[in-house]
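As the structure is a prediction and not an experimental result, all values here were calculated from the model.
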Amino acid sequence: MSVSLPEGKILDEADEQEIGRRGEVEPATVAGRAVVALADTLVDAGVGFVRCWFPWKYFEPFPVPEASLDQLLEKSYPQWPMDDLVNTLTSRGIGVVPVIACGYQRMLPQGLEPDPDRELYLKRVSIHTQLMVRHYKGQIKSWQIENEPNWWAEHEAGGWRSGLAWVHEHGFRHKLLQTLSDTVHREDPSARTIINLEADAMVLDPGLYSSYCDILGLDFYPNYKLSHPINTKALKLADQVAKKLSKPVMVSETGYPSGPSVLAYSAGSQAKYVSDACRESYGLDGVTGIGIWRYIDTSWRSFPPQENHFGLLDNKGNPKPSWSEFSKVIKDLK
């Protein structure tokens with residue numbers, strides 16, 4: 001959910017009629033109107049927070065020269081493209097939980113990767129994170145640091161990440177997470193850090209990561225490969241982990257695609273999964289929150305095909321049955 005850049009817009013190919021329906025004084029840009037429409041929609045539904053990417057390249061399109069890094073820390077970034085999103089949502093009482101310093105190649109400054117100088121990458125990560133937390137201190141209370149660190153090798157194999165550091169890390173994983181956690185807390189001692197893990201994996205090992213975060217997040221996609229039976233019982237693992245670690249645990253991501261129908265996915269099954277997952281999580285004592293992936297379908301195509309159908313809204317901004325069910329279950333549980 002970005003604000004003004006082409007990749008990952010809040011409302012991909014936004015429906016002007018839907019935005020206009022919200023009325024009142026409209027911001028001058030499509031992006032600004034989209035943010036207002038998003039806030040209105042979330043408030044109507046009773047949503048408490050939005051978890052979203054803050055791609056590093058939005059703030060630093062090209063890596064700042066090494067000799068200028070200290071100056072960058074003093075001067076800060078010249079532009080803050082996420083301000084509209086943060087200001088609008090937080091002013092309406094909706095929390096923003098950004099994912100920062102994610103090492104996906106498409107989110108990094110052009111040409112940046114940990115190899116060949118991992119120590120320099122850690123310095124860059126620390127400076128970037130410090131600037132982010134400093135700028136949004138008082139507005140953003142929780143920061144997710146990186147993304148699914150127990151699944152980095154698979155990300156690299158899928159082409160999402162680039163560099164041997166994600167596969168043959170030799171301690172880099174823990175140095176990076178420690179750097180991110182320390183930087184967030186140093187800049188804002190009241191902030192909370194979140195690390196999310198791919199919970200369907202056989203390499204979960206939550207205890208390994210819990211010391212680097214205040215809240216542990218788990219990502220569940222139990223129906224990613226098989227459409228039926230609809231399975232929300234897997235989310236009970238979050239409660240087990242919370243009790244074992246004596247640490248708050250949230251379901252950072254979970255979802256069910258509305259298609260393609262050739263794989264027996266459907267909008268009705270998606271709505272049932274969303275409702276059941278929310279109710280299942282709400283009944284678990286150790287689970288502090290749940291995030292549904294995702295708000296809206298993208299306009300570009302991904303593989304495998306079900307990746308294109310996880311949105312609760314289609315890529316024109318039209319609600320699917322799952323959005324109505326999501327809104328209803330929030331009100332029921334609150």
Visitor: Answer with yes or no whether the side chains of Thr183 and Ser126 bring together a donor and an acceptor at under 3.5 Å.
Guide: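 Short answer, yes.
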
Visitor: For Ala39 versus Ile94, what's the shortest heavy-atom pair and its separation?
Guide: O-CD1, 4.0 Å

Visitor: According to the side-chain hydrogen bond (donor to acceptor under 3.5 Å, both in side chains) rule, which pairs have a member within residues 282-292, sequence neighbours left out?
Guide: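 For residues 282-292, and leaving out neighbouring residues, there are no side-chain hydrogen bond (donor to acceptor under 3.5 Å, both in side chains) pairs at all.
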
Visitor: So how far is it from Gln270 CD to Phe310 CZ, rounded to the nearest 0.5 Å?
Guide: 8.5 Å

Visitor: Side-chain heavy atoms under 4.5 Å apart, restricted to Ile/Leu/Val/Met/Phe/Trp/Tyr: what other residues fall into the cluster of Val167, or is it alone?
Guide: none

Visitor: Are any side-chain N or O atoms of Glu60 and backbone N or O atoms of Val64, one a donor and one an acceptor, separated by less than 3.5 Å?
Guide: yes

Visitor: Tell me which pairs pass side-chain hydrogen bond (donor to acceptor under 3.5 Å, both in side chains) where either residue lies in residues 301-311, with sequence neighbours left out.
Guide: Tyr224-Glu307

Visitor: Please name the pair of heavy atoms, one in Asn87 and one in Gln139, separated by the smallest distance, quoted to 0.1 Å.
Guide: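 Heavy atoms only, the tightest pair is OD1-NE2, 2.8 Å.
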
Visitor: Can a salt bridge be assigned to the pair Asp182 and Arg186 using a cut-off of 4.0 Å between side-chain N and carboxylate O?
Guide: no

Visitor: Give a yes or no answer on whether the side chain of Arg118 reaches the backbone of Glu169 with a donor-acceptor pair at less than 3.5 Å.
Guide: yes

Visitor: Under a 3.5 Å distance rule, please check whether Ser266 uses its side chain to pair with a backbone N or O of Ser269 as donor and acceptor.
Guide: yes

Visitor: Tell me who clusters with Phe49, hydrophobic residues only, linked when side chains sit under 4.5 Å apart either directly or through other members.
Guide: Val97, Ile194, Ile215, Met250

Visitor: Please enumerate all residues that pass side-chain hydrogen bond (donor to acceptor under 3.5 Å, both in side chains) together with Ser258, with sequence neighbours excluded.
Guide: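 For Ser258, the residues satisfying side-chain hydrogen bond (donor to acceptor under 3.5 Å, both in side chains) (neighbours in sequence not counted) are Lys320.
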
Visitor: Verify the neighbour count for atom CD of Gln178: are there more than 12 heavy atoms of other residues, nucleotides or ligands below 6.0 Å?
Guide: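 Check passes, neighbour count above 12.
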
Visitor: Under a 3.5 Å distance rule, please check whether Asn315 uses its side chain to pair with a backbone N or O of Asp297 as donor and acceptor.
Guide: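 Side chain of Asn315 to backbone of Asp297: no pair is present.
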
Visitor: Please collect all ring pair (Phe, Tyr, Trp, His ring centres under 6.0 Å) contacts where either partner lies in residues 234-270, sequence neighbours excluded, each pair once.
Guide: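 Checked against ring pair (Phe, Tyr, Trp, His ring centres under 6.0 Å) - neighbours excluded - the pairs reaching residues 234-270 are Tyr256-Tyr265, Tyr256-Tyr273.
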
Visitor: Write out all pairs satisfying ring pair (Phe, Tyr, Trp, His ring centres under 6.0 Å) with one or both partners inside residues 78-109, taking only residues at least two apart or from two chains.
Guide: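 Listed by first then second residue: Trp53-Tyr104, Phe59-Trp80, Tyr77-Trp80, Trp80-His135, Trp80-Tyr136, Tyr104-His155, Tyr104-Trp160.
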
Visitor: The test is side chain to side chain contact (heavy atoms under 4.5 Å, CB included); show your working for Leu69 and Leu120 and say whether it passes.
Guide: CA-CA 10 Å; Leu69 285 174; Leu120 177 58; 4.0 Å; yes

Visitor: Once you round to the nearest 0.5 Å, how far does SG of Cys102 lie from CE of Met107?
Guide: 5.0 Å

Visitor: Say whether Asp314 and Asn318, considering side chains only, have a donor N or O and an acceptor N or O under 3.5 Å apart.
Guide: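 Asp314 vs Asn318: donor-acceptor pair found between side chains.
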
Visitor: For Lys331, is the NZ atom crowded, meaning more than 12 foreign heavy atoms sit under 6.0 Å from it?
Guide: yes

Visitor: Which heavy-atom pair separates Thr179 from Leu122 by the least distance, and what is that distance?
Guide: CG2-O, 3.9 Å

Visitor: Let me confirm one number: the CZ-OG1 distance from Arg124 to Thr129, rounded to the nearest 0.5 Å.
Guide: 13.0 Å

Visitor: Taking NZ, NE, NH1 and NH2 as the nitrogens, is one of them in Arg51 or Glu253 under 4.0 Å from a carboxylate oxygen of the other?
Guide: yes

Visitor: Could you tell me whether the side chain of Glu148 and the main chain of Trp151 form a donor-acceptor pair under 3.5 Å?
Guide: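 Pair absent, no side-chain N/O of Glu148 close to backbone of Trp151.
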
Visitor: Just by modelled atom types, is the Gly32 backbone N or O under 3.5 Å from a matching donor or acceptor in the Thr29 side chain?
Guide: yes

Visitor: When rounded to the nearest 0.5 angstrom, what is the spacing between CD in Gln144 and CZ in Arg192?
Guide: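 The CD atom of Gln144 sits 13.5 Å away from the CZ atom of Arg192.
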
Visitor: Any ring pair (Phe, Tyr, Trp, His ring centres under 6.0 Å) pairs touching residues 178-209, not counting sequence neighbours?
Guide: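 For residues 178-209: none.
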
Visitor: Atom OG in Ser181, atom CD1 in Ile145: separation rounded to 0.5 Å?
Guide: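 Rounded to the nearest 0.5 Å, the OG-CD1 separation comes out at 5.0 Å.
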
Visitor: State yes or no: do Leu226 and Tyr221 share one hydrophobic cluster built from I, L, V, M, F, W and Y residues joined by side-chain heavy-atom distances below 4.5 Å, directly or via other members?
Guide: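 Looking at the clustering, Tyr221 is in a separate group from Leu226.
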
Visitor: In Å, rounded to the nearest 0.5 Å, how long is the span from NE2 of His128 to CG of Leu180?
Guide: 9.0 Å

Visitor: Taking salt bridge (Lys or Arg N to Asp or Glu O under 4.0 Å) as the criterion, tell me which of Glu156, Glu113, Glu146 meets it with Arg161.
Guide: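 The passing option is Glu146.
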
Visitor: Going by the rule side-chain hydrogen bond (donor to acceptor under 3.5 Å, both in side chains), which residues pair with Arg134 if we only count those two or more places apart in sequence or in a different chain?
Guide: Glu187

Visitor: For the side chain of Gln79 and the backbone of Pro81, is there at least one donor-acceptor N/O pair under 3.5 Å apart?
Guide: no

Visitor: Parallel, tilted or perpendicular: which one describes the rings of Tyr295 and Trp323, with boundaries at 30° and 60°?
Guide: perpendicular

Visitor: May I have the step-by-step check of side chain to side chain contact (heavy atoms under 4.5 Å, CB included) for Met82 and Leu85, ending in yes or no?
Guide: CA-CA 5 Å; Met82 307 302 285; Leu85 178 70; 3.8 Å; yes

Visitor: If you define the side chain from C-beta out and look only at heavy atoms, does anything of Tyr212 sit under 4.5 Å from Ser210?
Guide: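 No, every pair of side-chain atoms sits at 4.5 Å or beyond.
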
Visitor: Please identify each residue that fulfils side-chain hydrogen bond (donor to acceptor under 3.5 Å, both in side chains) with Asp117, with sequence neighbours left out.
Guide: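 With neighbours one apart ignored, the set is empty.
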
Visitor: For Arg106, does its backbone N or O pair with a side-chain atom of Lys57 as donor and acceptor, under 3.5 Å?
Guide: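 Yes; judged by distance alone, with no hydrogens or angles, the pair exists.
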
Visitor: Side-chain donor-acceptor contacts of residues 227-235 below 3.5 Å, not counting sequence neighbours, with atom names and distances?
Guide:
residue: Ser227; atom: OG; partner: Leu263; partner atom: O; Å: 3.3
residue: Asn231; atom: OD1; partner: Lys233; partner atom: N; Å: 3.1

Visitor: Measure from the side-chain N and O atoms of Thr254 to the backbone N and O of Phe220, and report whether any donor-acceptor pair falls under 3.5 Å.
Guide: yes

Visitor: If only atom types and distance count, is the side chain of Asn196 paired as donor or acceptor with the main-chain N or O of Leu218 below 3.5 Å?
Guide: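 No: the side chain of Asn196 does not pair with the backbone of Leu218.
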
Visitor: Do the side-chain N and O atoms of Ser324 and Ser327 include a donor-acceptor pair separated by under 3.5 angstrom?
Guide: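 Not at all, the side chains of Ser324 and Ser327 share no donor-acceptor pair under 3.5 Å.
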
Visitor: Are the aromatic rings of Trp166 and Phe172 close, with centres under 6.0 Å apart?
Guide: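 Here the rings of Phe172 and Trp166 have centres that are less than 6.0 Å from each other.
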
Visitor: Identify the heavy atoms of Cys213 and Lys247 that sit nearest to each other, and give their distance.
Guide: O-NZ, 2.6 Å

Visitor: Check for me, please, whether Leu108 and Leu164 land in the same ILVMFWY cluster - side-chain distances under 4.5 Å, paths through other members count.
Guide: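 Hydrophobic grouping puts Leu108 apart from Leu164.
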
Visitor: Evaluate the criterion side chain to side chain contact (heavy atoms under 4.5 Å, CB included) for residue pair Leu72 and Lys75; output intermediate values, then yes/no.
Guide: CA-CA 5 Å; Leu72 173 64; Lys75 294 181 179 180; 6.0 Å; no

Visitor: With side chain to side chain contact (heavy atoms under 4.5 Å, CB included) as the test, would you mind laying out the steps for Val249 and Asp239 before giving the verdict?
Guide: CA-CA 7 Å; Val249 171; Asp239 192 51; over 6 Å; no

Visitor: Does Pro98 reach the side chain of Ile140, with side-chain heavy atoms less than 4.5 Å apart?
Guide: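 Yes, close enough: below the 4.5 Å cut-off.
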
Visitor: Of the non-hydrogen atoms in Ile296 and Arg294, which two are nearest, and what is the gap between them?
Guide: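 So the minimum-distance heavy-atom pair works out to O-NE, 2.7 Å.
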
Visitor: Going by the salt bridge (charged side-chain N to carboxylate O under 4.0 Å, His left out) test, which pairs reach into residues 202-221, not counting sequence neighbours?
Guide: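 Salt bridge (charged side-chain N to carboxylate O under 4.0 Å, His left out) check on residues 202-221 returns no pairs.
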
Visitor: So which atom in Ala101 and which in Val125 form the shortest heavy-atom distance, rounded to 0.1 Å?
Guide: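 So the minimum-distance heavy-atom pair works out to CB-CG1, 4.3 Å.
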
